[in-house]
Amino acid sequence: MEVKAITRNLRISVRKARPIARRVQGLPLAAALNIADFSPLKAARFLAATLRSAAANAKNNNNLDTETLIVKKAVFDEGTRMKRYWCGARGSAKPIQKKFSHLTVVLTNDK
């Protein structure tokens, strides 16, 4: 059985967030939480919260044992972009794109 948790509109670039998500794929839930909790990266905080949410979904909605869960998929996808402008020389404007991302975590109890 698979359990999913999605966190949308995280204020972090996908490029900065994907390496921590790749590290936890295929690991048991406890090991993935250890990696996310002790990592200094900003994306690790988002990943830990979403892992805990998926574990709570598994326990409360599907009556699964959280100690047997494995991280099947953890993916940061691109979200929307906030478009802003920065003042440039001679009255020109330089565009800035502030990127958002969506995080999807899938836990499974299959091996």
Side-chain angles (χ1 to χ4, degrees):
M1 169 153 295
E2 292 184 354
V3 180
K4 188 193 295 189
I6 299 173
T7 305
R8 295 190 185 276
N9 298 322
L10 298 170
R11 185 61 189 88
I12 190 168
S13 169
V14 173
R15 186 175 175 187
K16 294 176 183 178
R18 280 187 176 152
I20 189 82
R22 280 192 217 108
R23 284 185 64 192
V24 299
Q25 284 185 1
L27 294 177
L29 179 63
L33 279 172
N34 276 339
I35 288 173
D37 284 338
F38 293 108
S39 175
L41 300 175
K42 178 181 177 180
R45 291 194 321 244
F46 297 137
L47 181 63
T50 309
L51 283 170
R52 286 189 177 90
S53 176
N57 289 343
K59 183 177 180 183
N60 296 327
N61 299 342
N62 299 343
N63 297 323
L64 296 176
D65 184 20
T66 57
E67 293 166 7
T68 62
L69 294 175
I70 296 171
V71 180
K72 181 177 181 182
K73 184 169 103 171
V75 178
F76 279 92
D77 293 320
E78 284 192 21
T80 57
R81 295 179 183 201
M82 257 196 311
K83 294 177 181 167
R84 299 290 182 260
Y85 295 94
W86 191 256
C87 298
R90 298 182 183 184
S92 66
K94 305 201 175 192
I96 295 174
Q97 293 183 346
K98 299 185 175 188
K99 298 174 177 118
F100 286 81
S101 60
H102 305 310
L103 172 58
T104 304
V105 171
V106 178
L107 301 178
T108 183
N109 59 356
D110 302 330
K111 293 189 180 181

Is there side-chain contact between [X] and [Y], with heavy atoms separated by less than 4.5 Å?
{"X": "Ile35", "Y": "Ile20", "value": "yes"}
{"X": "Leu51", "Y": "Leu107", "value": "yes"}
{"X": "Val3", "Y": "Thr108", "value": "no"}
{"X": "Thr7", "Y": "Leu47", "value": "no"}

>> For Ala74 versus Ala21, what's the shortest heavy-atom pair and its separation?
In response: O-CB, 3.4 Å
>> Looking at every heavy atom in both Phe46 and Leu103, which two are closest together, and how far apart are they?
In response: O-CD2, 3.7 Å
Residue pairs, two or more places apart or on separate chains, that pass side chain to side chain donor-acceptor pair (under 3.5 Å) and touch [range]:
{"range": "residues 8-35", "answer": "none"}
{"range": "residues 89-107", "answer": "Arg81-Gln97"}
{"range": "residues 52-66", "answer": "Asp37-Arg52"}

Grouping I, L, V, M, F, W and Y whenever their side-chain heavy atoms are under 4.5 Å apart, do [X] and [Y] come out in a common cluster?
{"X": "Leu41", "Y": "Leu33", "answer": "yes"}
{"X": "Ile12", "Y": "Val105", "answer": "yes"}
{"X": "Leu69", "Y": "Val75", "answer": "no"}
{"X": "Ile70", "Y": "Val106", "answer": "no"}

> How many angstroms lie between CG in Asn109 and CD in Glu67, if you round to the nearest 0.5 Å?
Replying inline: 13.0 Å
